[in-house]
Undergrad: 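Attaching a single structure in structure tokens format; questions to follow.
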Amino acid sequence: MFKKIMALVAVGVLATACGGGGETTAEGGAPASSGGGDSTITMGFAQVGAESGWRTANTKSVQESAKAAGIDLKFSDAQQKQENQIKAIRSYIQQKVDIIAFSPVVESGWDTVLQEAKAANIPVILTDRAVDSPDKTLYKTFLGSDFVEEGKKAGQWLVEQYASETGDVNIVELQGTTGSAPANDRKSGFAEVIGADPKFKVIASQSGDFTRAKGKEVMDAFLKAHPDIDVLYAHNDDMGLGAIEAIEGAGKVPGKDIKIITVDAVKDGMQALADGKINYIVECSPLLGPQLMDLAKKVLAGETVPDRVVTEETTFTQEQAKQALPTRQY
């Protein structure tokens, strides 16, 4: 267990403050002292699941980065269930890990368990997804993408592509997991941009749970109910790839008969973009591991970290995807 040396005695003795004060035990006792013991940081990480290629790459990044940073990682897969994540976080509190990080399945319902972590003096870092708690002291920082901006980028491309169109543009939307931050924000950012022109009409919008199988299932239903779809906006590549199967199964040509916009830029999605089956992808990088480990070390060393750390990302057209694919890491 990582020990923070708190002795304030002779010159040359290391002093570390965490969050402006010394670490205490879960019972509120005295600060822990290393006593020359093990200095390894232990991190408990509660992952959403393995619902997509993006999430698999994210998990790999966290695990490999922890190993490279010399951090003992305790990992759990919540299988997209909030109750599993809460159970894992409580387990980490009982194990007295040094720091907890997690990607919330949904935005709401975290205050109680985060209060428990705070009472145990275990700092928390949010990764990839945010929570909607008004109490910002329940976590140290949030590392991840700007999902609203991703939705705006998707909408801006669409507006530019159909600038000269005079008739209605019928759009169907495959949303991510209901209640999750990326689903909420990618929807609102997209709606904000296209809402300025009444010709853009979202004729159907439903969750595909960020999975390829569900994306295909929902797109099948969309195609049966709406024969006049012009555009598909999918909140991630996997749902878009599932939708491509449904579109082809219906005898239509993805990328031509129905324009497709997705978010993520994982290899499978980028290949579909290079092949012309997807028309535009907004990047959302899953490689958060190195930044997460750096933030964890800074938090535990008592350093000030930003409340929000935004990852830098781009967008891809077909030609850009062709150029990027040979060196794509995920």
Side-chain angles (χ1 to χ4, degrees), residues 42-63 66 73-95 97 99-120 122-135 138-139 142-145 147 173-187 205-219 221 234-243 263-264 266 284 286 288-289 292 330:
T42 301
M43 172 187 287
F45 187 86
Q47 181 61 283
V48 172
E51 75 282 1
S52 63
W54 191 100
R55 189 63 55 190
T56 300
N58 179 242
T59 291
K60 183 178 179 182
S61 176
V62 170
Q63 292 174 331
L73 185 71
K74 296 183 182 298
F75 183 89
S76 66
D77 180 339
Q79 300 179 325
Q80 292 186 277
K81 295 180 180 179
Q82 184 179 30
E83 58 267 32
N84 290 345
Q85 278 194 312
I86 291 174
K87 182 179 178 180
I89 292 169
R90 286 189 168 133
S91 174
Y92 296 148
I93 293 170
Q94 291 173 354
Q95 294 174 61
V97 300
I99 193 163
I100 292 171
F102 75 110
S103 301
V105 176
V106 294
E107 288 188 290
S108 301
W110 301 101
D111 285 36
T112 299
V113 73
L114 291 180
Q115 286 283 6
E116 292 169 15
K118 184 178 179 180
I122 300 175
V124 173
I125 296 176
L126 305 178
T127 71
D128 174 42
R129 301 180 179 185
V131 298
D132 62 6
S133 173
D135 185 356
L138 295 179
Y139 55 91
F142 165 40
L143 164 66
S145 304
F147 300 133
E173 180 179 31
L174 282 169
Q175 298 180 44
T177 303
T178 302
S180 69
N184 293 342
D185 293 351
R186 287 172 187 165
K187 180 178 178 65
S205 183
Q206 187 175 326
S207 173
D209 284 337
F210 286 125
T211 69
R212 196 172 302 197
K214 190 69 174 179
K216 180 180 185 299
E217 177 187 323
V218 175
M219 192 66 195
H235 287 189
N236 79 338
D237 292 342
D238 278 78
M239 290 189 296
L241 291 166
V263 181
D264 274 356
V266 297
C284 179
L288 305 182
L292 174 59
Y330 58 92

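Counting begins at 1 with the first residue of the sequence. Below, each value reflects all heavy atoms present in this structure, side chains not excepted, and no hydrogens, waters or symmetry copies.
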Undergrad: If you round to the nearest 0.5 Å, how far is CE of M239 from CD of Q206?
TA: 11.0 Å

Undergrad: Yes or no on side-chain contact (heavy atoms from CB on, under 4.5 Å) for L73 and Q63, after CA distance, side-chain angles and deciding distance?
TA: CA-CA 7 Å; L73 185 71; Q63 292 174 331; 3.9 Å; yes

Undergrad: If you take all heavy atoms of S52 and N236, which pair is closest and at what distance?
TA: CB-ND2, 3.8 Å

Undergrad: Under the salt bridge (charged side-chain N to carboxylate O under 4.0 Å, His left out) test, which residues partner K118, sequence neighbours left out?
TA: none

Undergrad: Is it true that a side-chain atom of Q85 and a backbone atom of S103 form a donor plus acceptor pair closer than 3.5 Å?
TA: yes

Undergrad: Looking at every heavy atom in both G49 and R55, which two are closest together, and how far apart are they?
TA: O-CG, 2.9 Å

Undergrad: Carefully, step by step, assess I99 and M43 under the rule side-chain contact (heavy atoms from CB on, under 4.5 Å).
TA: CA-CA 5 Å; I99 193 163; M43 172 187 287; 3.8 Å; yes

Undergrad: Quick one: which of L138, I100, V131 gives a side chain to side chain contact (heavy atoms under 4.5 Å, CB included) with L126?
TA: V131

Undergrad: Rounded to the nearest 0.5 Å, what's the gap from CG on N58 to CZ on F45? Could you check?
TA: 5.5 Å

Undergrad: Could you tell me the separation between the OG1 atom of T127 and the CZ atom of F142, rounded to the nearest 0.5 Å?
TA: 8.0 Å

Undergrad: Can you tell me if Y139 and S133 form a side-chain donor-acceptor pair at under 3.5 Å?
TA: no

Undergrad: If you define the side chain from C-beta out and look only at heavy atoms, does anything of T211 sit under 4.5 Å from Q80?
TA: yes

Undergrad: With a 3.5 Å cut-off and no angle check, do the side chains of N184 and E107 form a donor-acceptor pair?
TA: yes

Undergrad: Residues in salt bridge (charged side-chain N to carboxylate O under 4.0 Å, His left out) with D185, at least two apart?
TA: none

Undergrad: What heavy-atom pair brings P286 and A57 nearest, and what distance separates the two atoms?
TA: CG-CB, 3.7 Å

Undergrad: Working note: D132 + W110, criterion side-chain contact (heavy atoms from CB on, under 4.5 Å); need CA distance, chi angles, decisive distance, verdict.
TA: CA-CA 8 Å; D132 62 6; W110 301 101; 5.7 Å; no

Undergrad: Would you call K216 and M219 a side-chain contact if the rule is heavy atoms closer than 4.5 Å?
TA: no

Undergrad: Taking side-chain contact (heavy atoms from CB on, under 4.5 Å) as the definition, give me every residue that meets it alongside E116, ordered by chain and number, with sequence neighbours left out.
TA: R90, I93, T112, V113

Undergrad: How many angstroms lie between NZ in K74 and OH in Y92, if you round to the nearest 0.5 Å?
TA: 8.5 Å

Undergrad: Test your reading of the model: is there a side-chain donor-acceptor pair from S207 to the backbone of D209, 3.5 Å cut-off?
TA: yes

Undergrad: For S108 and Q82, work out which heavy atoms get closest and say how close.
TA: O-NE2, 2.7 Å

Undergrad: Would you check if the side chain of T177 reaches a backbone N or O of S180 as a donor-acceptor pair within less than 3.5 Å?
TA: no

Undergrad: Can you tell me which residue among W54, Y330, F210 is in a side chain to side chain contact (heavy atoms under 4.5 Å, CB included) with D264?
TA: W54

Undergrad: Assess the residue pair H235 and E173 against the criterion (side-chain contact (heavy atoms from CB on, under 4.5 Å)); give the C-alpha distance rounded to whole Å, side-chain angles, the decisive distance to 0.1 Å, and a yes or no.
TA: CA-CA 8 Å; H235 287 189; E173 180 179 31; 2.9 Å; yes

Undergrad: Kindly say whether G53 contributes a backbone atom to a donor-acceptor pair with the side chain of D238 at under 3.5 angstrom?
TA: yes

Undergrad: Can you name the nearest heavy-atom pair linking C284 to V263, along with the distance?
TA: CB-CG1, 4.1 Å

Undergrad: Does any part of the side chain of F75, heavy atoms only, come nearer than 4.5 Å to the side chain of T59, both counted from C-beta?
TA: yes

Undergrad: Tell me the closest heavy-atom pair linking A46 and A88, and the distance in Å.
TA: CB-CB, 4.3 Å

